[in-house]
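Contents: one structure, followed by commentary.
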Amino acid sequence: MRAVITVIGKDKIGIIAGISTILAECNVNILDISQTILQDYFTMIMLVDLTYMNVSLSELNEKLDKKEESLGVSIKVQHEDIFKAMHQI
Amino acid sequence: MINSNEIIETIRMIEEEKLDIRTITMGISLRDCCDSDGEKARRKIYDKITRYAENLVKVGEEIEMEYGIPIINKRISVTPISMIAESSDEEDYVKFAVALDKAAKTTGVNFIGGFSALVHKGYTIGDGKLIASIPEALNITERVCSSVNVATSKVGINMDAVRQMGEVIKKTAELTADRDGLGCAKLVVFANAPEDNPFMAGAFHGVGEPECVINVGVSGPGAVKAALERVKGADFDTVAETIKRTAFKITRMGQLVAREASKRLNVPFGIVDLSLAPTPAVGDSVAYILEEMGLESCGAHGTTAALALLNDAVKKGGVMASYHVGGLSGAFIPVSEDAGMIEAVERGALNIDKLEAMTCVCSVGLDMIAIPGDTPAETISAIIADECAIGVMNNKTTAVRIIPVPGKKVGEVVEFGGLLGRAPIMQVSRFSSCDFIKRGGRIPAPIHSFKN
């Protein structure tokens, strides 16, 4: 499945590095990445492919939860279909 | 790639505006569980429910994790038990409620609906036994919900049933007096009950439904209110359009979850119920939407018009977003479960008469209303009769879920906790409806229901 990873919070050094390292370890392929300041927040949005992921989704979530704490940002992994369903006809 | 703003909008709706899937409800037919031996019937019921719904909670949690959308409740609805139990020689149907409760606990769902009877035209033997056992069933079970349909637009209002339900509600409140009459929060009296409603306490699996089905109820009053905040002062055309757009997005998400749940559970998809169901959480209130439209308080003059617009726009936005819509679909106005409604009652802006007017245009009826414990059964029956009349004459579902709280008087507050919230005790008319209710019989169907 393809998922959208959103990272929202205060900008600091090492956010992309920290997250992409975890993704590489888990064999998750990053398909696209964008970073902006949206509505006063640093926002990074990644489109990733979880097809060849070598851990379960809940394990990936756990790893990202830990990173979330150390980076002080919010990280979310969501199936891309939820955004498509809501915004595309 | 999907537009960043849209991604952020979805996340904001979920995180800040409390958008959620309120319930995934699995409807299960129990029609093959009848048996002349009550004990055997109950074993069949328990086995079937626990077999069919074995993975319901697990699949719900998986979808919740993958899509990052909270799915608050996983629930089960079953064929009205009066129809299943009446093949047995059992006199007391409480045992069937106990079997349902046990099945609910085993499968991990928080409510199971269908301890029900459909008596709009009259009672069968099983219907009579079931209704008589409702108070004790709701007293000793935890997760069982009960409903009785007493009227339809097609056949009119069964006033004998209306009279009896007033007594049943009183008795249920008395038996559960130590919990402030909590049993009544699990009991709904309907006119025109939908057969595919996923919301409790009124869910049951209708006789025209398939073997097993997945129905999903969406919610999101907070998201609608937030959308209206962004069009402050705009005309009603804009208000209606904004609600439609938001309802569309909310329902699309419901449709996605419903389809996914149906696929994973290998159970056909039934309907999405596109309701705005409030919770006591701040920011999850239907009353606040009405106030956002420009009313100083919910209950002020204009409230009925505001609710009519809201209810209609939610349906219009939602209908196009789902393959099939059903259930109750519209705006719910339960008093105890809506922070804005509670405040409106407490500040003296909202009374039971205004609520009755609102039920003419909302999707349900007088819902989660606490009244004084010494209210006569006939007055409760008369309240039910009024709601039935509104539903029957207007071809819509109406319902009454009312709690005469033992020992409490107007001005006091009762705390149910959790999703059921807290309710200020509301004043009912002090004039008697006794002789009216005593008449019994049936109020005939309205002329405009004869459409064949």
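Lettering follows sequence order; numbering is per chain, from 1.
When heavy atoms are compared at a cutoff of 4.5 Å, B/Leu19 approaches chain A solely by way of its side chain, counted from C-beta outward. Contacts between A/Ile8 and chain B at a heavy-atom distance below 4.5 Å involve the side chain alone, from C-beta outward.
Checked by atom type and distance alone, the side chain of B/Asp273 pairs as donor or acceptor with a backbone atom of B/Leu328 at under 3.5 Å.
Below 4.5 Å, heavy atoms of chain B meet heavy atoms from A/Asn61, A/Lys76, A/Val77, A/Gln78, A/His79, all part of residues 60-79 of chain A.
Environment of NZ in B/Lys232: crowded, with over 12 heavy atoms of neighbouring residues, nucleotides or ligands closer than 6.0 Å.
Results of the side-chain contact (heavy atoms from CB on, under 4.5 Å) test with B/Leu56 over B/Thr107, B/Ile76, B/Val267 single out B/Ile76 as the only residue that passes. Across A/Val48, A/Leu47, A/Val4, A/Ile45, a single residue satisfies side-chain contact (heavy atoms from CB on, under 4.5 Å) together with A/Asp32, and that is A/Leu47.
Salt-bridge check for B/Asp20 with B/Lys18: failed, with every basic side-chain N at 4.0 Å or more from each acidic carboxylate O.
We find the OH-CD distance between B/Tyr67 and B/Glu260 to be 3.5 Å, quoted to the nearest 0.5 Å.
Residue pairs meeting the side chain to side chain donor-acceptor pair (under 3.5 Å) criterion with at least one member in residues 312-327 of chain B, sequence neighbours excluded: B/Gln255-B/Ser322, B/Arg259-B/Tyr323, B/Asp312-B/Lys316.
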